[in-house]
Asks: 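Have a look at this one before I ask anything.
Worth saying up front: this structure is predicted, and the values here are computed from it rather than measured. Residue numbers start from 1 in every chain, and the chains themselves are labelled A, B, ... in the order their sequence lines are given, proteins ahead of strands.
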Amino acid sequence: MKIDVLVVAEKPGVAKAFAEFLSNGRIRVEKIGGVPVRFFERNGEVWASIGVSGHLMDYDFPEEFNSWRSVDPRQLFFIKPKQKIRKSSWKYVKALQILGKQAKEVILALDADVEGESIAFEVIKILRGVNPGIRFKRAWFNAVTKQDILRAVEKFREPDPKMANKAFARMQVDLTIGAAFTRALTLLVEKKAPKIFPRGKFISYGPCQTPVLYLVVKRALEREKFKKKKLYTLEATALIEGKKLKLAYAKGPLEKKEEALKILKAIRDEKVGVIKLAEYRHREVLPPEPLNTIELERRASRFLNIRSKEALDIAEDLYQNGLISYPRTETTIYPPTIDVNKIAKGFGQHSEYGSYVRIHLIPRMPISPRQGNEDDKAHPPIHPVKPASRNFIVKKFGIKAWKLYDLIVRHFLATLSRESVIENQRIVVDIGGYEFKIDGLKIVREGFYKIYPFGKPGERILPYVLEGDLVEIKSIRLVERETKPPPFLSEAEVLKLMKKYGIGTDATMQDHIHTNIQRKYFTIKNKRCIPTNLGLALATTLHSIVPEIVEPEVRGKMEAELVRIAKGEKQPEEVVEFIKDNFLKYYDKLVSNSHVLAEKLVEALRQVYWSKESKKI
DNA sequence: GCAAGGTC
C-alpha cells in the first residue's frame, strides 16, 4: 500500500467529507482493522482519510497507584498521571500505524477547538512512533463544507501545543482531584461500615458532577426551610359584556386578614363597578432561535418528558442514520452554506408538515430564517437533513425517536416561520373606590405556533370594553391562600444553570446529570430533580466543611486558570500544580473533619441501598 | 472501581 498523504479527522463524517471534497469523486473505502479508510487521488498523489472517534489517549496513574486499599489517596496529588492508549481506541491506533508507516505527510483535520488540538497531538505521538520523519500539517476549518475544507488545505496552520496542553492539563487535574476525593470518601465510609456498598458502588466527587448535585440540593433545602404563609385576597365576580369573570384585588394579596375584611365590608353591597382601564396590547413573539444541543435537551425534557441523556442518545442515532445534522453543537446561526429553504421545501410532501410548508413557507421563499448569536465555528444548528415518515421512524427507532425528530423538524420549520402576535389584555374595574383586575391573552396571529405548538401560551380572551363602561358586580368574597415553596429544580433549569456557571460542555452536561442519577444522588420525577438522602447528605456535609469544592463556581475558576495555558501566559505544569495545591488544602480540610462526614454518609447509604424505601429509587 | 472530555 502506497500512501502519500494521510488525513486524520475526529469523526468518520468529517473524514468522509475530506475525501469527497478533495477527490474528483473516485473514492475507495477499505476497512483496516475494522476502521473504514477512504482512499483517493489528488494532484497525482495517493491520499487516505480516516476518522478516529474522539480521544485516543487517556491519563491514568501508574499501576501501583491504582489499588484503592493500599494507596493513601493523598499520594495521588504528588504523582504525575501518564498518558495511555484507551482500550476502545486500539483499532484506530493500529490503523493509524499501518497507514502512517507509508505516508510522507499527515493532515491533522481535527475539530477547531482545544480538544481537537489535543487529539491532534495524540495522533502526532502515535505516528512519530512508527514514522519519525513524517511531516504534520494542521487543517483548520470552521464548517464541514467544501469551501471551508478547501481553504483549510490551501493554507495550513502549525499544531498549537499551548491549546493542546490546556486540554491535557484539564485531564490531569480532573483525574487527580476526582480520584483522590472519590477514593477518600469511599474508603472513609468503608472503614466505618465495611460492607455498606453493593458491588461496584462507591461515593464519587467530581468538579462538574458535585456542583450539579449542590444546585439540586440547594433548592431542596430552600423548600425545606420554606415557611408557609397565609395570604388574603378579594375576588369579585363581575358580569362584563355577558361574560362572568373573576377579578382579583389589584393591589395583590394581603398578609393581614383584618385588612381584607375591612375592604370587603366597605364594598360588600356594591352592585356596579366602573371600568377604570381596558388595555389590549399587541406583542410580537419571535420564532425560536435555531436549535443547539442544550436547547434540544431542555426542550426534550420540558415538552416531551425525555431526559437529556436519552435525548442526546436518540439524536446521535438519528444523526448516524442520516436524518438530522450533528447533534453536538453550540451554534444557533445557520451558516450561508446550508440551504434552509431547500431543506424546508423537502418537507413539502410530508404527511405531517406538508400542508404547512406548502401554504405558509413556500409562497414566502426565499425566507431568511430566525438566527441566534452563538457560533462554535464547527457545527451548524441541529436541523433535519432528510424527511422521514412517522411510520418509518417509529418502526426503526421507537416512538421517543419520533417525538424528538418531530420536535427537531417543527423547530426548524418554526425558525422559517412568521412571528406570532399576541394580545395581552387587562381590565381594571373600580368597585366602591377599590380596584380589581383581570388579565387575558389572545393569540391574534398564530404564526410559527401553527407548526410549533411547544410553549404556545394558553388563551383567555377578555371581552372588549371601554374605560368608563359600567359592569354588574355579582359577588365579592374573601379568598384565603397559602404561599407555596419553590418547586424542585427542573432538568431544564439545571441545564440552564450549568451553562451559566460553565459546568461541563454542551456535549457533556447530560452526562453529569446522569452520573448523579446513577450514583443515587438524585432522581428525576416529572421533569424535576429530587435529591435522595444520600445526595442531601453528601452535598450538605461537603459544603459545611469545604464549600469551595461544591459551589457552582468551582469549574469556572478552574477554567479561568486553565485558559492561561492556551493564552501562553503560564506553563501547563505551573497551572496543574496551582490547582492541585488548592485542592490538596481542601482535601486536608475535608479529611480532618471526616468523622462527621462518615457518620452522615453511612446513615444515608443505609437508607439508599439497604432500606425498603430504596427499592423504589 | 476514581473525573471530564472527545465520540459510537
Asks: Does Asp313(A) get its side chain close enough to the base of dC8(B), under 3.5 Å, for a donor-acceptor pair?
Replies: no
Asks: Over 60° means perpendicular and under 30° means parallel, so classify the ring planes of Tyr586(A) and Phe583(A), tilted if in between.
Replies: perpendicular
Asks: Counting side-chain heavy atoms from C-beta on, which of dC8(B), dG1(B), dA3(B) comes nearest to Tyr319(A)?
Replies: dC8(B)
Asks: Look at the side chain of Ala507(A) and decide which nucleotide, out of dG1(B), dT7(B), dA3(B), has an atom nearest to it.
Replies: dT7(B)
Asks: Base, sugar-phosphate, or nothing: which does Thr505(A) touch, judged by heavy atoms less than 4.0 Å apart?
Replies: sugar-phosphate
Asks: Distance check needed: dA4(B) P versus Asp506(A) CG, whole Å only.
Replies: 16 Å
Asks: Using a 4.0 Å heavy-atom cut-off across all strands, classify Asp60(A) as base, sugar-phosphate, or nothing.
Replies: base
Asks: With a 4.0 Å cut-off on N to O distance, would you call Arg74(A) and Asp588(A) a salt bridge?
Replies: yes
Asks: Counting side-chain heavy atoms from CB outward, which of dG1(B), dG6(B), dA3(B) is closest to Glu10(A)?
Replies: dG6(B)
Asks: Hey, is Trp68(A) stacking on dG1(B)? Ring centres under 5.5 Å, planes under 30°.
Replies: yes
Asks: Please pick, from dG1(B), dC2(B), dC8(B), the nucleotide with the shortest atom-to-atom distance to any side-chain atom of Thr186(A).
Replies: dG1(B)
Asks: Decide yes or no on side chain to side chain donor-acceptor pair (under 3.5 Å) for Asn533(A) and Arg606(A), but give the supporting numbers first.
Replies: CA-CA 10 Å; Asn533(A) 284 328; Arg606(A) 286 221 169 89; over 6 Å; no
Asks: Looking at every strand, decide which applies to Phe181(A) at a 4.0 Å heavy-atom threshold: base, sugar-phosphate, or nothing.
Replies: nothing
Asks: Looking only at atom types and distance, does a side-chain atom of Thr293(A) sit under 3.5 Å from a main-chain N or O of Thr329(A), one as donor and one as acceptor?
Replies: yes
Asks: Between atom NZ in Lys11(A) and atom C1' in dT7(B), what is the gap in whole Å?
Replies: 8 Å
